[in-house]
Amino acid sequence: MHMALGKALVLTISDSASAGKRNDLSGPEAKRILEEAGFEVAAIEVLPDERSDIESRLCRASDQGFRLVVTSGGTGLSPRDVTPEATGAVIDRNVPGIAELMRLESLKITPKAALSRAVSGIRQSTLIINLPGSVKGVRECLAALRPILPHAMETLKQSSLGCGE
């Protein structure tokens, strides 16, 4: 089924889920919400909290033409939380307002939202957004972003067209 907003990928970043020690619950929730919003979610993949693995997969996803990549997890204060650094290393342009909006809305629910180090940015014509690792955090953040995602996708689509297209 063709979805209007384009192809998306969900990456769950978790040592324990990648090792099979716990089930990934946030990835399926992100997939459900994104599909309701109009994305075609091609896959949910689980990666360990390894910066090089995250960077490599984000680059490949962009090269594969994904319009949106959301990561879930690895945005806290733990030494293993390296998702923002991996994202920052591969994006061409930062989109700080997305992370600011997620924190602003989440702060209305919990003061712990101030501890999020999530970032967002563009690599080529792919929007990459870091989400929290909890189901609740994924729900809250995607609810905050849902009104702006169609415009973001449309703007990125226009910017990826070449001369005369």
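Contacts of D63 classified as salt bridge (Lys or Arg N to Asp or Glu O under 4.0 Å), with partners at least two apart in sequence or in another chain: R123. K112 meets the salt bridge (Lys or Arg N to Asp or Glu O under 4.0 Å) test with no other residue; sequence neighbours excluded. Under the salt bridge (Lys or Arg N to Asp or Glu O under 4.0 Å) criterion, E55 pairs with R51, not counting sequence neighbours. Applying the salt bridge (Lys or Arg N to Asp or Glu O under 4.0 Å) rule to R60 yields no partners; only residues at least two apart in sequence or on another chain are considered. Scanning for side-chain hydrogen bond (donor to acceptor under 3.5 Å, both in side chains) contacts around R139 gives E29, with sequence neighbours left out. With sequence neighbours excluded, no residue satisfies side chain to side chain contact (heavy atoms under 4.5 Å, CB included) with L104. With sequence neighbours excluded, the residues that form a side chain to side chain contact (heavy atoms under 4.5 Å, CB included) with S106 are A113, E140, C141. With sequence neighbours excluded, the residues forming a side chain to side chain contact (heavy atoms under 4.5 Å, CB included) with A144 are L101, E105, listed by chain and number.
Taking Ile, Leu, Val, Met, Phe, Trp and Tyr as members and joining any whose side-chain heavy atoms lie under 4.5 Å apart, directly or through other members, V46 forms no hydrophobic cluster with any other residue. Through direct or relayed side-chain contacts under 4.5 Å between Ile, Leu, Val, Met, Phe, Trp and Tyr, I91 connects to L9, L11, I13, L47, I54, L58, F66, V69, V82, V90, I128. Here L25 is tied into one hydrophobic group with V135, each link being a pair of ILVMFWY side chains closer than 4.5 Å.
Residue pairs that meet the salt bridge (Lys or Arg N to Asp or Glu O under 4.0 Å) test with at least one member in residues 76-85, sequence neighbours left out, are D15-R80, E50-R80, E85-R117.
Residues L34 and L142 are in side-chain contact: their nearest non-hydrogen atoms beyond the backbone lie under 4.5 Å apart. Considering only heavy atoms from C-beta on, S14 comes within 4.5 Å of R22 through its side chain. In this structure, T83 and T87 have side chains that are in contact, with non-hydrogen atoms separated by less than 4.5 Å.
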